[in-house]
Number of protein chains: 2
Amino acid sequence: MTIKTADRYHHGDLREALLRAGEDVLSERGAAGFTLRECARRAGVSHAAPAHHFGDAAGFLAELAAVGFDRMTDAMETRRVQSGPGSLAQLDAIGRGYIAFAVQNRALFQIMFRQDGIGVASPNLQRAGGAAFGVLQATMARVLAEHRPDQKPMPSLALAWSAVHGFATLLIERQLDGCLGQDGIADLETDLGGAMLNLMTGALAGPAVAGPGKKS
Amino acid sequence: MTIKTADRYHHGDLREALLRAGEDVLSERGAAGFTLRECARRAGVSHAAPAHHFGDAAGFLAELAAVGFDRMTDAMETRRVQSGPGSLAQLDAIGRGYIAFAVQNRALFQIMFRQDGIGVASPNLQRAGGAAFGVLQATMARVLAEHRPDQKPMPSLALAWSAVHGFATLLIERQLDGCLGQDGIADLETDLGGAMLNLMTGALAGPAVAGPGKKS
DNA sequence: AACCCATCTAGACACTGTCAAGTCCAATCT
DNA sequence: AGATTGGACTTGACAGTGTCTAGATGGGTT
């Protein structure tokens with residue numbers, strides 16, 4: 001395919017080639033169908049080659065997850081800077097970026113938040129994951145400073161993240177097919193976007209507006 | 001162990017024994033470490049025995065997921081009837097039941113919402129999943145009828161589900177360890193419970209209270 | 001020019017899911 | 001009663017997997 005000399009003994013950038021192959025396998029076969037040997041096959045190397053770059057399968061998946069987090073950070077940041085200056089508009093933007101990334105990178109998104117069979121201790125994964133989280137954190141901090149300066153960031157942040165992440169997860173696992181229209185993505189871009197923001201900002205309302213057992 | 005004749009050629013209730021073994025394997029080794037042969041080993045039968053009851057691995061996991069959905073329905077219903085008569089209190093109760101089940105059945109919860117490597121077409125799984133969803137649906141319908149009779153149920157339902165599901169997922173995958181206290185479950189039972197309800201009910205607020213780009 | 005060492009290969013091992021064939025046993029039929 | 005039928009389970013095999021070891025290769029350094 002590429003002009004790159006693919007028949008050398010030393011591949012040159014086998015690491016990158018393996019990551020690309022891994023992403024292809026992931027998107028074609030799903031997270032359950034992922035295989036080290038298939039990745040090696042697509043990169044045109046022997047089955048044991050990946051081990052020299054990633055250690056074992058968990059290490060490989062960790063690096064793939066890091067790639068995913070980096071791309072997710074880009075998706076969120078891109079939409080954030082394109083949106084208006086208001087902090088709520090930016091929160092809406094990164095929420096949409098989060099969900100759009102999940103839809104466009106199904107299997108990758110799934111392994112990014114797994115703890116089973118993936119090397120969570122990988123420094124690169126922790127860096128990339130932290131960077132993605134930082135976007136959420138910074139944006140939520142801006143929203144709170146602007147609209148609820150008395151509130152601590154943490155519970156609101158966790159809950160807003162939960163809302164967006166849960167929606168993305170259910171959407172990806174086709175769990176919302178019965179609820180939304182034929183394709184939830186179209187709905188998402190219209191009505192549901194505002195509702196999503198509403199849900200997110202619901203996380204920053206003060207003490208429960210209507211506690212359990214309290215009459216309306 | 002049991003008085004049941006365990007040395008018969010025909011096991012008697014191998015199906016149930018395999019399901020129990022499967023759940024043990026799932027909770028001990030995690031979803032990634034699940035293995036048909038290990039389940040057969042623990043049930044004291046040959047490695048091919050499970051196939052006669054569940055077809056293949058995907059069929060086995062589907063049946064395990066169905067068991068999980070049934071137990072989850074119980075967890076939600078139990079807490080709902082124990083709560084007060086108010087619909088919001090009941091919504092809060094099933095939310096807590098949902099999350100408590102996820103925490104107490106980590107790996108089982110994970111496979112329940114997977115679409116990879118699990119027989120989603122299994123009638124029993126669809127029945128159990130539908131029943132669990134029905135609890136959410138009915139409770140949300142009651143909340144809307146009581147507090148927002150003008151609103152259609154669907155978007156609110158999907159978003160409230162997203163919020164609870166996302167929180168449970170992130171909690172289980174240890175993604176919130178940095179956010180919440182040392183163990184998020186303790187927090188959950190105190191402050192965060194109300195905030196969670198607040199987040200859920202945020203889904204039923206009408207048109208966005210503060211759209212993006214609109215000043216407060 | 002000779003060496004060194006990271007890079008990659010080749011082979012082996014234990015393990016997995018699935019398939020085909022055979023074995024066992026309880027219940028039914030004559 | 002004895003024969004038979006059919007479901008439950010076993011046995012053995014096969015291709016595929018992750019990982020380990022030892023060895024082959026060749027680019028970069030001295």
Quick one: closest heavy-atom pair of [X] and [Y], and the distance?
X: B:Q151; Y: B:S156; result: OE1-OG, 3.3 Å
X: A:I111; Y: A:A31; result: CG2-CB, 3.9 Å
X: B:A102; Y: B:A168; result: CB-CB, 3.9 Å
X: A:F34; Y: A:C39; result: CE1-SG, 3.5 Å
X: B:S46; Y: B:A40; result: O-CB, 3.3 Å

Using five pairs at each end of the helix from C:dA1-D:dT30 to C:dT30-D:dA1 to define an axis, what is the angle between those two axes, to 10°?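 The helix from C:dA1-D:dT30 to C:dT30-D:dA1 shows an end-to-end axis angle of 10°.
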According to a strict under-4.0 Å criterion, is B:H53 in side-chain N/O contact with OP1 or OP2 of D:dC9? yes
What pairs of nitrogen or oxygen atoms, one from the protein and one from nucleotides 11-15 of chain C, lie under 3.5 Å apart?
residue	atom	partner	partner atom	Å
C:dG11	O6	A:H47	NE2	3.0

Rounded distance in Å - [atom1] ([X]) to [atom2] ([N]):
X: A:D56; N: D:dT17; atom1: CG; atom2: C1'; value: 14 Å
X: B:D13; N: D:dC9; atom1: CG; atom2: P; value: 9 Å
X: B:L14; N: C:dC25; atom1: CG; atom2: P; value: 16 Å

For this output row, return yes or no: ring centroids of B:F109 and B:F69 closer than 6.0 angstrom. no
DNA chain D contacts among residues 106-116 of chain B, heavy-atom distance under 4.0 Å: none
Check whether the side chains of B:E173 and B:Q110 place a donor and an acceptor atom closer than 3.5 Å, and report yes or no.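 Result is yes, a qualifying pair exists.
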For B:R37, which residues count as a salt bridge (Lys or Arg N to Asp or Glu O under 4.0 Å) partner, sequence neighbours excluded? none
Can you classify the ring geometry of A:Y98 versus A:H165 as parallel (below 30°), tilted (30 to 60°) or perpendicular (above 60°)? perpendicular
5'-most contact on DNA chain D: A:H52 or A:L36, nearest heavy atom basis?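 Counting from the 5' end, the first nearest nucleotide belongs to A:L36.
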Got a list of side-chain donor-acceptor pairs under 3.5 Å for residues 47-67 of chain B, not counting sequence neighbours?
residue	atom	partner	partner atom	Å
B:D56	OD1	B:G59	N	3.1
B:E63	OE2	B:R15	NH2	3.4
B:E63	OE2	B:N124	ND2	2.7

N/O donor to acceptor pairs below 3.5 angstrom from side-chain atoms of residues 132-143 of chain B, sequence neighbours left out:
residue	atom	partner	partner atom	Å
B:T139	OG1	B:V135	O	2.8
B:R142	NH1	B:Q90	OE1	2.8

Indicate, with a heavy-atom threshold strictly under 4.0 Å, whether A:A51 touches base, sugar-phosphate, or nothing. nothing
